Protein chains: 2
Amino acid sequence: MGTTQLETVPEPKYWHLKTVLSQALDSDFSVGEVLPNERDLAARFGVARATLRQALEQLELEGRLQRRRGVGTTVAPPRVDVSTAQYAWPGTSGDTWQPVDCTSAVAPVAVGRMLGTDPRDELHTVRRIRTTHGQPVAAELLYVPAASVPQLPAAEAPSGPARARIVLRELQRLGLEGQDRAVELGSARADDARELDRLPGAPVLVVTTRYFAAGRTAAVSVATYRADTCRLTFGDSGDLEITHPAPA
Amino acid sequence: MGTTQLETVPEPKYWHLKTVLSQALDSDFSVGEVLPNERDLAARFGVARATLRQALEQLELEGRLQRRRGVGTTVAPPRVDVSTAQYAWPGTSGDTWQPVDCTSAVAPVAVGRMLGTDPRDELHTVRRIRTTHGQPVAAELLYVPAASVPQLPAAEAPSGPARARIVLRELQRLGLEGQDRAVELGSARADDARELDRLPGAPVLVVTTRYFAAGRTAAVSVATYRADTCRLTFGDSGDLEITHPAPA
DNA sequence: AAGTGGTCTAGACCACTCG
DNA sequence: GAGTGGTCTAGACCACTTC
């Protein structure tokens, strides 16, 4: 028989450490509890601080821990389920987004391609944020070509949230013919990071939505969700809005 | 007026480095091209190798780079769109999954809770992998309680892919009443990592699907997609392309 | 055997929060 | 000002791929 060499592979220290810590979190800690600081933990496990941090980073990525500079490391609550299932224009009554601002700017190339607009054209760019349980979970930029909101009063428009709401209202005059979503991993840009109360580069789930109306792509939304705290739910087909079939 | 201190914040080196590299990738490199090795790059930018690696890690996370031990760092192709929109039992004709194996094992606690089974019960556990363009993109474990496939021949069943296909076939006898999806960030377990040709701990998008039939949760699937190479698409409502289970 | 990325160390300093 | 996590360094060795 073959000398299979099965698992002679030395497991990296940080990987083993992560497993040990993960079990400790399950058994010896409760949500919100603070862990010993990194220097103490590293000493306790007999590893360098950088190695310990590699384990902590993974646990934070998995939503098990929460680390805040100047404060400490705490046990994170379970991830929040946030729904992305709504089939409607943004700003329709019932959604949980809050308009923050609205500016004019050229779109990123990827967005410009989806909209089929001239890359040099300025678009209405609506900033919205989404919170649940008082915590910010997502920051969004909604790109609306001028052609999609032809009746928008041009010059005398106000700024800030008021202007954002006007653009959303105008958008809703169009008949929504379909929409389209994609999810991918990204890292937070500086402005998104600030809205989400995270450091730049923090891992985020980027949800790109295309809204179709009048036979073309009428708007594109790029929403970045905190990957550490969020689980995105898609109330698929079948009986929509299955809340909780769990027996009490 | 307030001395606002606006942006006195020193940008971290690795963050700036990432920006510079990102622009260089856009202008001076093409897909598949190999970058100089990490020691050279670090020297060229006048930083420690660890700092350079921090920038490379982020770019890999964003799907811009691909790194392989013993080989080098190459410019990654754009992410692949993979659809998760199918409304049907797993294994229905037309899906792109390939059954690999089927074992009996107790489910993870989270899965057990969704199924409402006794945590000590053994479930049929079907292993499948999904490939596109010859590359593995996802590994799945499908958990099927014995109660969901009552007519499954018990003892004399074969093993491997054949057994997996039998379980899938039995499952399709049930009428699918609904399904439910959630997406979150995770890190690859050792077994998934092997199937996905990545190292353990690699970032993955975890898609959890609940299948409802006979008034309860009849099966649960946990699929882990390579976060570096995949964009998950959800062909939402509007014009939906629901593939209904074919009446056999 | 040579060259690559992956892991690990033992330090240092910085930015932030809080009492 | 004390304590925390975040950044950075300059090394070392290991696992893997390729020639």
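Model, not experiment: these values are computed from the prediction. Within every chain, numbering begins at 1; the chains are lettered A, B, ... in the order of the sequence lines, protein sequences first and strands thereafter.
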A:Asn37 atom CG, over 12 foreign heavy atoms within 6.0 Å:
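Above 12, so yes.
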
Neighbour count above 12 (heavy atom, 6.0 Å) for A:Arg68 CZ:
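It does not: A:Arg68 CZ has 12 such atoms or fewer within range.
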
Please report, rounded to the nearest Å, how far the [atom2] atom of [N] is from the [atom1] atom of [X].
| X | N | atom1 | atom2 | result |
| --- | --- | --- | --- | --- |
| A:Leu199 | D:dT4 | CG | P | 18 Å |
| B:Gln54 | D:dG6 | CD | C1' | 9 Å |
| A:Glu11 | C:dC8 | CD | P | 10 Å |
| B:Asp197 | D:dT17 | CG | C1' | 13 Å |
| A:Arg194 | C:dA15 | CZ | P | 18 Å |

Gap separating the OG1 atom of B:Thr229 from the CG atom of B:Leu196, nearest 0.5 angstrom:
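Reported value, rounded in 0.5 Å steps: 8.0 Å.
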
Side-chain N,O ([X]) to OP1/OP2 ([N]) below 4.0 Å:
| X | N | answer |
| --- | --- | --- |
| B:Tyr14 | D:dT7 | yes |
| B:Thr51 | D:dT9 | yes |
| A:Asn37 | D:dT4 | yes |

Which ones in residues 38-50 of chain A lie close to DNA chain D, meaning a heavy atom under 4.0 Å from one of its atoms?
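Close to the strand are A:Glu38, A:Arg39, A:Arg49.
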
Scan residues 56-72 of chain B against DNA chain D and write down, sorted by residue number, each residue with any heavy atom closer than 4.0 Å; if none is found, say none.
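Result for residues 56-72 of chain B: B:Arg69, B:Gly70, B:Val71, sorted by number.
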
Just by distance, do the side chain of [X] and the backbone of [Y] share a donor-acceptor pair under 3.5 Å?
| X | Y | result |
| --- | --- | --- |
| B:Arg127 | B:Thr103 | no |
| A:Thr19 | A:Leu17 | no |
| B:Arg189 | B:Gly201 | no |

Can you find a pair of side-chain heavy atoms, one from B:Thr96 and one from B:Thr131, that are under 4.5 Å apart?
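No, every pair of side-chain atoms sits at 4.5 Å or beyond.
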
Measure from the side-chain heavy atoms of B:Arg53 and tell me the nearest of C:dC8, D:dG5, C:dG5.
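Per side-chain heavy atoms of B:Arg53, the pick is C:dG5.
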
Given D:dC8, C:dC8, D:dG5, identify the nucleotide with an atom nearest to the side chain of A:Lys13.
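For A:Lys13, the side-chain atoms sit closest to C:dC8.
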
Presence of salt bridge, A:Asp228 and A:Arg198, under 4.0 angstrom:
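Yes, charged N to carboxylate O under 4.0 Å.
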
When the ring planes of A:Tyr225 and A:Trp97 are compared, do they come out parallel, tilted or perpendicular, using 30° and 60° as the limits?
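Perpendicular: the ring planes of A:Tyr225 and A:Trp97 meet at over 60°.
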
